[in-house]
Amino acid sequence: MDFKPEPLDPIGILISAFALSSVGGLAALLRSNKKLTMRVVVSAVLYSGIMGLVMALISYRYFGIANPYFLLGVCGLAGIGGTTVIDFMLQLLKSGGISIHLYPKSDSADKES
């Protein structure tokens, strides 16, 4: 008797991707030792879930049909990394962002070279 798993439907895969990445985002939030408020928890879960869902939508045609478990694993990792990216962006905004200054080359620099 040969066991063959039943193929997963696309909606089930997308819901699973959202759920796995949401749990990954919540785990990353809990690991960060931040003060937990309802707003922080909901935003981390939704942000990570949406990031995993976007990853699933982008790569479903290439990975989801042939290997849905790989796709779900990637989405779970995207959920964990999603909170890290948003924390980095918030830190940049709080510190004033990144500034790049471009100055024209001075004549004294030309003479020294």
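Residues: numbered from 1 along the sequence shown.
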Pair up each side-chain donor or acceptor in residues 22-30 with any protein partner under 3.5 Å, not counting sequence neighbours, and list the distances.
from  : atom 1 : to    : atom 2 : distance (Å)
Ser22 : OG     : Phe18 : O      : 2.8
Ser22 : OG     : Val45 : O      : 3.3

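Under the 4.5 Å side-chain contact rule for hydrophobic residues, Val42 and Ile50 share a cluster. Met55 and Phe70 end up in the same hydrophobic cluster when Ile, Leu, Val, Met, Phe, Trp and Tyr side chains are linked at under 4.5 Å.
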Could you walk me through whether Lys35 and Val40 pass side chain to side chain contact (heavy atoms under 4.5 Å, CB included), step by step?
CA-CA 8 Å; Lys35 183 180 176 187; Val40 170; over 6 Å; no
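Once rounded to the nearest 0.5 Å, the distance linking CD1 of Ile58 with CG of Leu53 reads 10.0 Å. Interatomic distance, Leu72 CG to Leu14 CG, rounded to the nearest 0.5 Å: 9.0 Å. Atom NZ of Lys34 sits about 10.0 Å away from atom CG of Leu36, to the nearest 0.5 Å.
Residues Ser59 and Leu71 form a side-chain contact, since some pair of their non-hydrogen atoms from C-beta on lies under 4.5 Å apart.
Ser21 approaches Cys75 most closely through the heavy-atom pair CB-O, 3.1 Å.
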